Amino acid sequence: MACRFGFFIAILAAWLAASSAKAGDNVGGIWLTQAGDAKVRVSKCGGGICGEVVWLKDPINPATGKPQVDDKNPNPALARRPMIGLPLFRDMRPSGPDRWSGQIYNADDGNSYASNITVSGPDTLKVEGCVGAFCGGESWTRAHR
């Protein structure tokens, strides 16, 4: 009897590991922000996920006629980096089923915030940024090229 129970536990553990890995695969891909002004590629990196800007609705700054840059960043060296390719989050770590936690960069104000990212449906990603106990968020939709 103990042998059967041990076998059952081993099968259950393998199934749970496979289910967990498959669930994490749902986050990968290109996501359109709620405002529709940017697309972010989310991919696995290290033991977590990363996201970088891959498309902008308005890629050219009308004032300069040049590509948009991270001009709200308080670090002068970083304020010149292009928005396309800008990392918004790196190494977000798993914090539950289809959920990751870490830091997210907000290019609108040049600051980073505590963040949670959750797959809330096959084509919906909930992205939250928090300052202390106050959190705000938006829903991103999977971009179907």
Side-chain angles (χ1 to χ4, degrees), residues 6-145:
F7 177 73
F8 173 75
I9 293 299
I11 294 297
L12 180 62
W15 178 79
L16 287 172
S19 296
S20 176
K22 186 175 182 186
D25 291 343
N26 293 336
V27 74
I30 308 291
W31 295 89
L32 180 66
T33 61
Q34 186 168 306
D37 57 356
K39 290 181 182 177
V40 177
R41 177 184 296 117
V42 176
S43 57
K44 291 181 182 180
C45 64
I49 59 170
C50 296
E52 73 175 43
V53 176
V54 295
W55 175 87
L56 293 173
K57 183 177 181 180
D58 298 314
I60 303 299
N61 182 332
T64 65
K66 296 180 180 179
Q68 298 278 4
V69 295
D70 187 18
D71 58 359
K72 303 286 189 308
N73 196 304
N75 180 331
L78 296 178
R80 293 189 303 264
R81 63 186 172 171
M83 290 296 293
I84 302 291
L86 182 75
L88 295 183
F89 50 90
R90 290 193 179 279
D91 299 324
M92 296 283 281
R93 297 292 173 196
S95 57
D98 288 331
R99 182 179 170 95
W100 296 263
S101 298
Q103 294 283 310
I104 191 164
Y105 177 72
N106 180 353
D108 291 336
D109 66 11
N111 292 309
S112 293
Y113 299 94
S115 178
N116 297 301
I117 295 176
T118 307
V119 176
S120 57
D123 293 326
T124 306
L125 196 66
K126 175 120 171 99
V127 180
E128 292 181 311
C130 303
V131 176
F134 299 101
C135 296
E138 61 182 51
S139 294
W140 294 0
T141 54
R142 191 176 297 279
H144 297 286
R145 299 183 188 211

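All figures in this text were calculated on a predicted structure; none of them were measured in a lab. Worth knowing before you read on, the calculation uses all heavy atoms, side chains too, and leaves out hydrogens, waters and symmetry mates.
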When rounded to the nearest 0.5 angstrom, what distance separates [atom1] in [X] from [atom2] in [Y]?
{"X": "I49", "Y": "R93", "atom1": "CD1", "atom2": "CZ", "result": "10.5 Å"}
{"X": "R99", "Y": "N116", "atom1": "CZ", "atom2": "CG", "result": "4.0 Å"}
{"X": "C50", "Y": "W100", "atom1": "SG", "atom2": "CH2", "result": "12.0 Å"}
{"X": "Y105", "Y": "S112", "atom1": "OH", "atom2": "OG", "result": "7.0 Å"}
{"X": "D58", "Y": "M83", "atom1": "CG", "atom2": "CE", "result": "11.5 Å"}
{"X": "L88", "Y": "W31", "atom1": "CG", "atom2": "CH2", "result": "14.5 Å"}

Which atom pair, heavy atoms only, marks the closest approach of [X] to [Y]?
{"X": "G48", "Y": "P94", "answer": "CA-CD, 4.4 Å"}
{"X": "L56", "Y": "A38", "answer": "CD2-CB, 3.9 Å"}
{"X": "K72", "Y": "D108", "answer": "CG-O, 3.5 Å"}
{"X": "S101", "Y": "S95", "answer": "OG-OG, 2.9 Å"}

Is there a donor-acceptor pair under 3.5 Å between the side chain of [X] and the backbone N or O of [Y]?
{"X": "R142", "Y": "L125", "result": "no"}
{"X": "Q34", "Y": "S139", "result": "yes"}
{"X": "S115", "Y": "E128", "result": "yes"}

(request) Would you tell me whether D123 and T141 have side-chain atoms, one donor and one acceptor, within less than 3.5 Å of each other? (result) no
(request) Could I get the full list of side chain to side chain donor-acceptor pair (under 3.5 Å) partners for N106, not counting sequence neighbours? (result) none
(request) Please assess N61 against Q68 for the test side chain to side chain contact (heavy atoms under 4.5 Å, CB included), listing each intermediate value before the final yes or no. (result) CA-CA 5 Å; N61 182 332; Q68 298 278 4; 3.9 Å; yes
(request) Before accepting this row, confirm whether a basic side-chain N of the pair K57/D37 lies closer than 4.0 Å to the acidic partner's carboxylate O. (result) no
